[in-house]
Amino acid sequence: MSERPSGTIRLGHIVDHTEIYGPGIRSAIWVKGCTLACKGCWNKQYWPSTGGELITVEKLNEQLNSIKDIEGITLLGGEPLQQAPEILQLIKLQKENNRTVMLYSGYEFEELDEIQKQCVALSDIAILGRYDETKRNTSLRWRGSENQVLLSPTGRYNVSDYQDGDNEISIHIDSNGELTVTGYPDMDTMLELIGDLITQM
């Protein structure tokens with residue numbers, strides 16, 4: 001893996017406001033670097049542990065704190081737990097700011113080391129397990145495949161309150177005109193949404 005200075009996170013992308021990655025309105029943070037390489041992964045652009053932005057935990061925390069009207073943050077990737085010491089620090093800082101934390105990881109709980117377990121334990125919602133394209137189910141709440149488990153380690157949320165249903169998809173266009181599609185869309189749905197968007201422009 002590419003050298004990453006201690007105290008920094010290799011950042012792939014941030015969406016300031018989203019309603020599809022956890023309860024309420026949240027900021028979603030995709031980190032870069034994942035060696036799990038799940039077949040059919042939607043986020044292969046975040047596999048390499050190169051590129052993106054190297055940002056200190058403190059600076060990223062300040063940036064997130066400047067975003068108004070959010071309930072919390074959601075950490076995705078890439079694999080957040082492959083940067084566990086810094087992710088743990090960020091989780092603690094965000095919780096000090098009364099933000100809730102949702103964490104995605106492809107690891108099973110029994111694979112985790114002690115620091116990774118602390119990250120999960122402090123998360124208000126955690127989704128664990130590798131994406132398995134043979135078990136893909138686009139009607140699952142916040143998950144891509146049926147083997148992935150939905151937990152609330154802190155008890156902050158009752159995950160049984162969040163029923164499975166129709167797949168949620170979000171399209172974001174930033175100030176530079178860059179298009180980002182988040183969620184788990186199938187290709188036909190994505191093409192239809194983008195076509196409708198282009199028609200309206």
Side-chain angles (χ1 to χ4, degrees), residues 1-18 21-22 25-39 41-68 70-131 142 144 148 151 153-154 172 174-176 178-182:
M1 297 179 71
S2 178
E3 185 67 25
R4 178 175 55 83
S6 176
T8 65
I9 290 173
R10 189 172 294 278
L11 183 64
H13 188 67
I14 293 180
V15 171
D16 288 355
H17 298 91
T18 178
Y21 288 114
I25 300 174
R26 315 183 69 77
S27 291
I29 302 101
W30 284 262
V31 302
K32 284 207 72 181
C34 181
T35 60
L36 300 180
C38 300
K39 186 177 180 183
C41 173
W42 181 252
N43 291 327
K44 288 184 179 180
Q45 70 270 33
Y46 301 127
W47 284 6
S49 56
T50 56
E53 176 187 1
L54 281 174
I55 186 169
T56 65
V57 174
E58 292 82 2
K59 184 176 179 182
L60 179 55
N61 181 60
E62 290 175 6
Q63 181 177 338
L64 294 170
N65 286 346
S66 72
I67 301 170
K68 305 303 181 186
I70 62 170
E71 182 168 336
I73 66 166
T74 298
L75 296 160
L76 313 94
E79 175 50 63
L81 294 186
Q82 290 184 356
Q83 302 182 48
E86 290 77 17
I87 292 297
L88 179 59
Q89 184 183 356
L90 180 64
I91 289 172
K92 289 178 177 178
L93 289 170
Q94 281 293 288
K95 291 180 79 72
E96 287 175 6
N97 196 36
N98 297 315
R99 300 278 178 77
T100 62
V101 174
M102 182 167 174
L103 172 70
Y104 279 83
S105 175
Y107 287 110
E108 307 288 345
F109 187 79
E110 57 270 19
E111 296 179 289
L112 303 179
D113 64 26
E114 288 306 310
I115 296 177
Q116 292 170 330
K117 286 179 181 176
Q118 289 181 57
C119 292
V120 172
L122 287 175
S123 296
D124 299 292
I125 292 181
I127 292 174
L128 299 180
R130 287 164 179 71
Y131 172 69
W142 303 323
Q148 294 173 315
L151 309 167
T154 65
H172 304 265
D174 66 18
S175 58
N176 298 317
E178 181 180 343
L179 181 74
T180 302
V181 179
T182 58

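- Of the possible polar contacts, none joining the K32 side chain to the G78 backbone as a donor-acceptor pair under 3.5 Å is found.
- Judged by distance alone, the side chain of R99 and the main-chain N or O of L64 form a donor-acceptor pair under 3.5 Å.
- Judged by distance alone, with hydrogens and angles left aside, the side-chain atoms of E111 form a donor-acceptor pair with the main-chain N or O of E108 at under 3.5 Å.
- Just one residue in the list L11, T8, N61 forms a side-chain contact (heavy atoms from CB on, under 4.5 Å) with I55, and that residue is L11.
- Annotation: the span from H17 atom NE2 to I14 atom CD1 amounts to 12.0 Å, rounded to 0.5 Å.
- When all heavy atoms are compared, the tightest approach of I91 to S123 is CD1-OG, 4.0 Å.
- At a cut-off of 3.5 Å, with distance as the only test, a side-chain donor of T74 or R26 sits close to an acceptor on the other residue.
- R10 places a side-chain N or O within donor-acceptor distance of the main-chain N or O of S49, the cut-off being under 3.5 Å.
- Within the 4.5 Å cutoff, no side-chain heavy atoms of F109 are placed close to those of L151.
- The pair E110-K117 does not count as a salt bridge, with every side-chain nitrogen at least 4.0 angstrom from each carboxylate oxygen.
- Taking the charged nitrogens against the carboxylate oxygens, E86 and R4 do have a contact shorter than 4.0 Å, which makes a salt bridge.
- Looking at every heavy atom in both residues, W142 comes nearest to I125 through CZ3-CD1, 3.9 Å.
- Contact annotation: the side chain of T56 approaches that of K59 to within less than 4.5 Å [non-hydrogen atoms, C-beta and beyond].
- For the residue pair T35 and Q82, a side-chain donor N or O sits within less than 3.5 Å of a side-chain acceptor on the partner.
- Considering only heavy atoms from C-beta on, C34 stays 4.5 Å or farther from Y46 through its side chain.
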Just do the side chain to side chain contact (heavy atoms under 4.5 Å, CB included) check on D124 and M102 with the steps written out, would you?
CA-CA 6 Å; D124 299 292; M102 182 167 174; over 6 Å; no
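- Residue L75 holds its CG atom at 7.5 Å from CD1 of I9, rounded to the nearest 0.5 Å.
- Nearest approach of Y107 to L128, heavy atoms of both residues: O-CB, 3.4 Å.
- Taking both residues in full, the closest heavy atoms of A121 and P153 are given as O-CB, 3.7 Å, listed atom of the first, atom of the second, then distance.
- Between V120 and Q116 there is no side-chain heavy-atom pair separated by less than 4.5 Å.
- N43 places a side-chain N or O within donor-acceptor distance of the main-chain N or O of G77, the cut-off being under 3.5 Å.
- Relative orientation of the Y21 and Y104 rings is perpendicular, given thresholds of 30° and 60° on the angle between their planes.
- Here the OG atom belonging to S27 is positioned 9.0 Å from the CD atom belonging to Q63, to the nearest 0.5 angstrom.
- Between P48 and K44 the shortest heavy-atom distance is CD-O, 3.6 Å.
- The two residues C119 and L81 have their closest heavy-atom pair at CB-CD2, 3.6 Å.
- When atom types are taken as modelled, the side chain of D113 and the backbone of I115 share a donor-acceptor pair closer than 3.5 angstrom.
- Put simply, the side chain of Q89 never gets that close to the backbone of P85: no donor and acceptor are under 3.5 Å apart.
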